[in-house]
Participant: 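Have a look at this one before I ask anything.
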Amino acid sequence: VKGFELAGADGVFHAATARIDGATVVVQSDDVAAPVQVRHAWAAVPECSLRNGAGLPAWPFLQPVK
């Protein structure tokens, strides 16, 4: 799944890989040891591929990591 980035406590975002595991998107980056924030499609012209069951693209979002 394209279009994800992770940030640690320093607030610097790095490109991340993502995969869908059931109803969960698992996101990781070798550049972020302890992620605190994740964002998706956070660019003027984002390259992203996350879609819902109807095939509609996911909105850009920024949220804390759970």
Side-chain angles (χ1 to χ4, degrees):
V1 182
K2 296 178 182 179
F4 283 89
E5 297 175 305
L6 287 173
D10 61 1
V12 176
F13 281 89
H14 298 272
T17 58
R19 63 181 171 80
I20 297 175
D21 184 7
T24 303
V25 178
V26 179
V27 183
Q28 65 184 42
S29 173
D30 291 340
D31 297 323
V32 183
V36 297
Q37 292 187 78
V38 61
R39 67 185 182 189
H40 170 262
W42 208 259
V45 183
E47 181 181 345
C48 49
S49 60
L50 184 61
R51 305 222 179 251
N52 66 14
L56 299 172
W59 287 94
F61 63 81
L62 169 68
Q63 69 181 48
V65 171
K66 294 182 181 182

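If you read the sequence from its start, that first residue is 1, and numbering goes on from there.
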Participant: Taking Val38 as the starting point, is it possible to reach Trp42 by hopping between hydrophobic residues whose side chains are less than 4.5 Å apart?
Facilitator: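 Unlinked, Trp42 and Val38 end up in two clusters.
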Participant: Just by distance, do the side chain of Ser29 and the backbone of Ala15 share a donor-acceptor pair under 3.5 Å?
Facilitator: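 Such a contact is found between Ser29 side chain and Ala15 backbone.
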Participant: Test question: given the 4.5 Å side-chain rule for I, L, V, M, F, W and Y, name all other residues clustered with Val26, or answer none.
Facilitator: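 ILVMFWY cluster around Val26 holds nothing else.
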Participant: Do Phe61 and Val1 sit in the same hydrophobic cluster, where Ile, Leu, Val, Met, Phe, Trp and Tyr count as joined when their side-chain heavy atoms come under 4.5 Å apart?
Facilitator: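 As far as the 4.5 Å side-chain criterion goes, Val1 and Phe61 are connected within one cluster.
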Participant: Tell me which pairs pass salt bridge (charged side-chain N to carboxylate O under 4.0 Å, His left out) where either residue lies in residues 13-29, with sequence neighbours left out.
Facilitator: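 Sorted result for residues 13-29: Arg19-Asp21.
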Participant: Could you grab the distance from atom CG of Asp31 to atom CD of Glu5, nearest 0.5 Å is fine?
Facilitator: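 If we round to the nearest 0.5 Å, Asp31:CG and Glu5:CD are 11.5 Å apart.
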Participant: Are Val36 and Val65 side-chain neighbours, meaning at least one heavy-atom pair lies under 4.5 Å?
Facilitator: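 A side-chain contact under 4.5 Å is absent here.
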Participant: Tell me whether Asn52 at atom CG has more than 12 heavy atoms from other residues, nucleotides or ligands lying less than 6.0 Å away.
Facilitator: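 Yes - once you tally the heavy atoms of other residues, nucleotides and ligands closer than 6.0 Å, there are more than 12.
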Participant: According to the ring pair (Phe, Tyr, Trp, His ring centres under 6.0 Å) rule, which pairs have a member within residues 3-22, sequence neighbours left out?
Facilitator: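 Residue pairs passing ring pair (Phe, Tyr, Trp, His ring centres under 6.0 Å), neighbours aside: Phe4-His40.
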Participant: With heavy-atom distances below 4.5 Å as the criterion, would you say the side chains of Ile20 and Leu50 are in contact?
Facilitator: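 Heavy-atom side-chain distance check passes, below 4.5 Å.
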Participant: Val25 and Ala18: which non-hydrogen atoms are nearest, and at how many Å?
Facilitator: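 The pair with the smallest heavy-atom distance is CG1-CB, 4.0 Å.
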Participant: Between Ala7 and Gly11, what is the shortest heavy-atom contact and its length?
Facilitator: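 Between these two residues, the closest heavy atoms are CB-C, 4.0 Å.
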